[in-house]
Structure formats: C-alpha cells, structure tokens
S.K.: 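Take this structure, written in structure tokens, and hold onto it; I'll ask about it next.
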Amino acid sequence: QAQLVESGGGTVQSGGSLTLSCTATALPLDLYDIAWFRQSPGKKREGVSYISRSDGSTDYSDSVKGRFTISRDYAKNAVYLQMKSLKPEDTGVYYCAADSHGMLTYPESFQHWGQGTPVTVSE
C-alpha cells in the first residue's frame, strides 16, 4: 500500500532551522511531482514548495522563498524540506504530497498525502 510518512517536525525558536523528511513506501517518488504543504488552525492548506518529477525544477511560495529548500534523495526514496530563518508564521502542520501531475497552487491535484508533521516556531 502506497504510503508517505513525514518526520522532522518540532518546536524551534524564531530564526532557527528544521529539516523535514518525507519517505515513501510502495511509491517511487522519482515518478511523481512532490510538494510540501502546510496548514495552520483556521487557515487553508497552503502550498510551500514543489519539485518536479520531469526535470527536478523547484518552486516556492513567496512567503518561504530564500529560506526553504526542497530536495530529493533518489537512493532513499525521500524528499526533504530544509527550513531556515524560521518565523512564527511558519507554524503549522506540514504535509508532503505526491502526484504524477501535481500543482503547488492546487492541493486537490495531489493524490497521495502523508499524515503530517507539526512545526511550531516560538517568538
């Protein structure tokens, strides 16, 4: 059964760093577009970062551009989100998602989702 599992979340002070991991079973991630989304209480799920299956191109939301970096490890069948200079507004549950034709601005375009990992950034 295809499964995505996120890890690496936690609590960090403003200005700190975290690296999130997304690992997959029964789902070869090199065949999928992968995205990271986040959701805070009372807010819509927001696309944060994206990496293309075709050419490895990446995209970021304006709110994280220059601070977050998405990357793949084909050997480990994993995708990572390195987050630096974290701000309290980065707080939320972070999800990775996979689809053969996913779009960062359209969460509904992703078929496979993980359970999420919480990130809390304190002042």
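Counting from 1, the numbers follow the sequence of the chain as shown. FYI, side chains are in, hydrogens and waters are out, and symmetry mates aren't considered; it's all heavy atoms of this structure.
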S.K.: May I ask whether L20 and V121 are part of the same hydrophobic cluster, defined by side-chain heavy atoms of I, L, V, M, F, W, Y residues being less than 4.5 angstrom apart, directly or through others?
M.R.: yes

S.K.: When rounded to the nearest 0.5 angstrom, what distance separates OG1 in T91 from NZ in K43?
M.R.: 9.5 Å

S.K.: Distance to the ring centre below 6.0 angstrom and angle to the axis at most 45 degrees; does that hold for R38 and Y95?
M.R.: no

S.K.: Taking atom CD of E108 and atom CE of M103, what is their separation to the nearest 0.5 Å?
M.R.: 9.5 Å

S.K.: Rounded to the nearest 0.5 Å, what's the gap from CD on Q13 to OG on S122? Could you check?
M.R.: 5.0 Å

S.K.: Kindly indicate whether the side chain of V119, heavy atoms from C-beta on, has any atom under 4.5 Å from the side chain of L18.
M.R.: yes

S.K.: Does some side-chain heavy atom of L4 sit less than 4.5 Å from a side-chain heavy atom of L27?
M.R.: yes

S.K.: So, taking the atom named CZ in R53 and the one named CG in L29, what distance separates them when rounded to the nearest 0.5 Å?
M.R.: 13.0 Å

S.K.: Is there a side chain to side chain contact (heavy atoms under 4.5 Å, CB included) between R45 and W113 once you walk through the steps?
M.R.: CA-CA 13 Å; R45 192 164 293 189; W113 289 84; 3.2 Å; yes

S.K.: Strictly distance-based, threshold 3.5 Å: is any side-chain N or O of E6 a donor or acceptor partner for the main-chain N or O of Q115?
M.R.: yes

S.K.: Give a yes or no on whether I34 and L104 share a hydrophobic cluster (residues Ile, Leu, Val, Met, Phe, Trp, Tyr; joining criterion: side-chain heavy atoms under 4.5 Å apart).
M.R.: no

S.K.: If every non-hydrogen atom of S40 is compared with every non-hydrogen atom of G92, which pair is closest and at what distance?
M.R.: OG-CA, 3.9 Å

S.K.: Look at the side chain of T117 and the backbone N and O of G9, then say whether any donor-acceptor pair between them is shorter than 3.5 Å.
M.R.: yes

S.K.: Taking S52 for the side chain and D33 for the main chain, is one N or O donor matched with an acceptor at less than 3.5 Å?
M.R.: no

S.K.: May I ask you to decide if V79's main-chain N or O and R72's side chain share a donor-acceptor pair within less than 3.5 Å?
M.R.: no

S.K.: If I take atom CE from residue M83 and atom OG from residue S49, how far apart are they, to the nearest 0.5 angstrom?
M.R.: 11.0 Å

S.K.: Measure the OG1-CD distance between T23 and Q3 for me, rounded to the nearest 0.5 Å.
M.R.: 8.0 Å

S.K.: Give me the ring orientation class for F68 and Y94: parallel if the planes are under 30° apart, tilted from 30 to 60°, perpendicular past 60°.
M.R.: tilted

S.K.: Assess the residue pair Y50 and W36 against the criterion (ring-ring contact (aromatic ring centres under 6.0 Å, His included)); give the C-alpha distance rounded to whole Å, side-chain angles, the decisive distance to 0.1 Å, and a yes or no.
M.R.: CA-CA 6 Å; Y50 166 95; W36 285 95; over 10 Å; no

S.K.: Hydrophobic clusters here meaning ILVMFWY residues chained together by side-chain heavy-atom distances under 4.5 Å, can you tell me if F110 and V93 are in one?
M.R.: yes

S.K.: Please report the shortest heavy-atom distance between G47 and S61, naming the atom on each side.
M.R.: O-CB, 3.4 Å

S.K.: Given S63, which of K87, E46, E89 fulfils the side-chain hydrogen bond (donor to acceptor under 3.5 Å, both in side chains) condition?
M.R.: E46

S.K.: Under 4.5 Å between side-chain heavy atoms, counting indirect links through other Ile/Leu/Val/Met/Phe/Trp/Tyr residues: same cluster for L31 and I51 or not?
M.R.: yes

S.K.: Evaluate the criterion salt bridge (charged side-chain N to carboxylate O under 4.0 Å, His left out) for residue pair K65 and D62; output intermediate values, then yes/no.
M.R.: CA-CA 5 Å; K65 200 169 292 183; D62 288 342; 3.4 Å; yes

S.K.: Whether the side chain of Y60 engages the backbone of I70 through a donor-acceptor N/O pair (distance < 3.5 Å, no angle test) should be reported.
M.R.: yes

